[in-house]
Amino acid sequence: MSFVNAYLQKYFYGFRSRISLEENAFSKHYFEMNFIFRSYPSHPWFAEWTFEARNCSSSFRENNANRFFQSQETVGRIIPNTADPDWALQIPVPQNGRTNMLFNGFCSYFETKKKKLGAEVIIPEAGVLWGRFEDIPSPVLATDLPVREDADFQWLETDAGGVFLLVRDQHFCLTTKALLLSDAQKIADSYLEQDLEVKLIEELDIRSGAQNLFEEMSHHDALAVISAESMMKALRPPEGSIPLAWCQASSSDSAQMDINEIHPLALAWKLMDIETAEELLLCALKVQTNAGAIPVHYAPYTTHSVMEAPKPMLAKTTERVWDVRKNEEFLSAVFPLLRRHIQWLLNHFDPKRRGIHCWILGDEALVPQDYQSDLATVDLSALLITEIDALNRLGSHLPSSASNEICFEKERGILEQNLLDQFWNSEENAFVNSYLKDKPKILRGFSSFTPLIWKALPHTNKINILEKVHESGKLPGGLSVLSWRKSAMDDHSFPLLQQLLVLQALQISDPHGQLLNDFSRITLQGFVEWHTLALEEEKRLPINTVTAAYIMCVQAIRQYRYRAQGTESGFFFKLMRKIKLDRFELAVLGATIFTVISVHLIYRVIKAPPAFSMLEAQMNSAYASRNVEGTLQSCMAIINYYPDNAEVAMQLAANISMLRGNFSQASDLYERVRKQYPDSPGPMIALGLAYQLQGRFEEAENNYYEFCYIFDEIFPSIVSEVNHFRLLMQEGFEAPPKWQEMYRYQLMHEL
């Protein structure tokens, strides 16, 4: 489909939706069902996914399992969320249709030129499943128990209560709320008298924040969709001693929130719904004690221990959330709570007031395997100083900021001195010093990387850390920025909080964004691989809320790359993704562009001396017949006498130089080609290879990285080979084995 046709279809669909809603005021059921979630990225159907309504409290969940629903492996088959279900609802949607998996429903569509069929289902409240269908058989209850049936309904009595299914005019409603048939009929009738389309449009609008993050690549977007739905599913309304909306902890099956999870959750929610992000943060701060302590694990109906401190992340998180819309009411509410909490943290981590801050408990430590009692490490000081700085920046925006004093100025001075003087090792040029009961100790690993999250870190310290990462390709602790893969979601070798801190540190400190782009791309690719395998092999998706939030944060970093202004290649490939060209269409487009360029060149050749066309014909003929000497002779003549039209000649001459082993000459020629054609994929790879074969690894990496980043989705097999070159180069190999085989690809011979 052309871009123009796609645009017109989108416009027409929106116009038709508005008309149909107006017509609906006169006629409840109209001829053709609008597929509301057509524009929303699809996600494959999978088993063991719970469908539930919004705003169900934890206490309600514990006592009403039969009012929630669960998917089975068969597409469109739903059962009650109980241990031994007595029935199943089968909505016979096409098995090969596109699916939208929502936390509170699903949509399944199948469209061809002559057919349009599907179903849309939503859970408006616990115990009610409401939907509509088109051109498929009616939904039906499947059970071994006796069923009372009428023309348009089925009624089933089970030990857990009554089950009622009403089907009318291509709409249906299933309810498990009522014990009596008459009550169930009233509930179902009340829903079928309402306009389901309005509800579906409302649900789509609620997801507009998530939709802005989609890259319009099917695998990435499928993962982002289910991540967003997982986050929505985990939200809970105010309950018990929890005063505002909160999020069910992924680390526990019991009803509680985990304060250490607020950091990734709030950062992800600020991308999708800023009001939810603000409420989650304010809720976490409001459960603190009068002294400022916040229990790490907080349940709505129990008492809590405050011995363990949460990770010092709340002020930094609040600053990033506040910066989205600069809500003064939110800032005025959170600032005093943050100040009191940071005061408690400073006292908690330095109870003897010596100016030496140590993790008190092993569960508090950012790197638990490094924990020892009375061990002072740089990561804690880095987290605390950034908390104080974030608090003071927030304070400067308060309406009464002119009269506000700088908070914790003395404590901040001590932390800064410790960071730069005590923890910095001048011999290793790294933050590897630590102190165990005031005795020096070398501690390498992830903690030495954390000072990069401090915006005021001196440039010299920052560059030394980043240079080591560039040189080795690894972060402190041994994580490779080029080869990391997420093999399983229960892999705790590099916890999600540490991964998120890496992303934030690189956002703050990486001057050119190369490490950030590498790490975010490979991280997201690892999750996409896991996601795909989980669906193919297990037919289920055990994704937790924090993982989902982290994926959304990485997705945002990847998406924002294409919003950079002034980048022609970024705009071009963003456009390619927008119109969803497949490889064949892209090849046709490339051929068309090449033809236009060729015609343009032909007109230019007409005005040139005849000798050029003769040389060009000789060059092409010789190259096609693999006449190396003849090709090189014609190429060099064009380069010498017609430099303005010599890009193709330079490309072919460079290729021959490479295969002859004259790498220096080849790189000179490729450099000239790249100046004229900076976005051409063949010269990107070839110049990188020429540099690598000369041992110029940094320059080679720049070319390889640019190709892999831009053409990741267009030439995946070639990207895989280039990444293999990068890994070998990382180990010091100048000559990748069988590198000549790269020239079997046509793009290596064209511009």
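- With respect to the salt-bridge test (charged N to carboxylate O, under 4.0 angstrom), the residues D389 and K455 do not qualify.
- Put simply, the side chain of R207 reaches to within 4.5 Å of the side chain of Y40, judged on heavy atoms.
- Scanning all heavy atoms of the two residues, the minimum distance from D370 to S447 falls at OD2-OG, 4.5 Å.
- For W49 and F106, the gap between ring centers reaches or exceeds 6.0 Å.
- Within the 3.5 Å criterion, the main-chain N or O of S39 finds a donor-acceptor partner in the side chain of Q211.
- E229 and K233 are not joined by a salt bridge, as no carboxylate oxygen comes within less than 4.0 angstrom of a charged side-chain nitrogen.
- Ring geometry for W344 versus H341: interplanar angle under 30°, hence parallel rather than tilted (30 to 60°).
- Scanning for ring-ring contact (aromatic ring centres under 6.0 Å, His included) contacts around F408 gives an empty result, with sequence neighbours left out.
- Residues D258 and S251 have side chains that bring a donor and an acceptor to within less than 3.5 angstrom of each other.
- Atom CG of L271 sits about 8.0 Å away from atom CE of M231, to the nearest 0.5 Å.
- By the 4.0 Å N-to-carboxylate-O rule, K326 lies close enough to D323 to be salt-bridged with it.
- By the 30° and 60° cut-offs, the orientation of the rings of H397 relative to W322 is tilted.
- Residue pairs meeting the side chain to side chain donor-acceptor pair (under 3.5 Å) criterion with at least one member in residues 284-296, sequence neighbours excluded: Q288-R340.
- Taking the side-chain contact (heavy atoms from CB on, under 4.5 Å) definition, one finds that A534 meets it with W530, L541, sequence neighbours left out.
- Judged as a ring-ring contact (aromatic ring centres under 6.0 Å, His included), and not counting sequence neighbours, the contacts of H531 are H43.
- Taking the six-membered ring wherever Trp is involved, the centroid distance between the rings of F431 and F449 does not fall below 6.0 Å.
- Taking Y371 as the reference, nothing meets the ring-ring contact (aromatic ring centres under 6.0 Å, His included) condition, with sequence neighbours excluded.
- For CG of D205, the number of neighbouring non-hydrogen atoms (other residues, nucleotides, ligands) closer than 6.0 Å is greater than 12.
- Within the 3.5 Å criterion, the main-chain N or O of I356 finds no donor-acceptor partner in the side chain of Q422.
- Salt-bridge formation is detected for the pair R61/E52: a Lys NZ or Arg NE/NH1/NH2 atom is positioned less than 4.0 Å from an Asp or Glu carboxylate oxygen.
- Applying the side chain to side chain donor-acceptor pair (under 3.5 Å) test to every pair with at least one member in residues 261-272, sequence neighbours left out, gives these pairs: S250-E261, H263-T317, H263-Q504.
- Look at E319 and R393 and you find a salt bridge, because one of the NZ, NE, NH1 or NH2 atoms lies within 4.0 Å of a carboxylate O, short of that distance.
- Enclosure of atom CD in Q507 by more than 12 non-hydrogen atoms of other residues, nucleotides or ligands within 6.0 angstrom is indicated.
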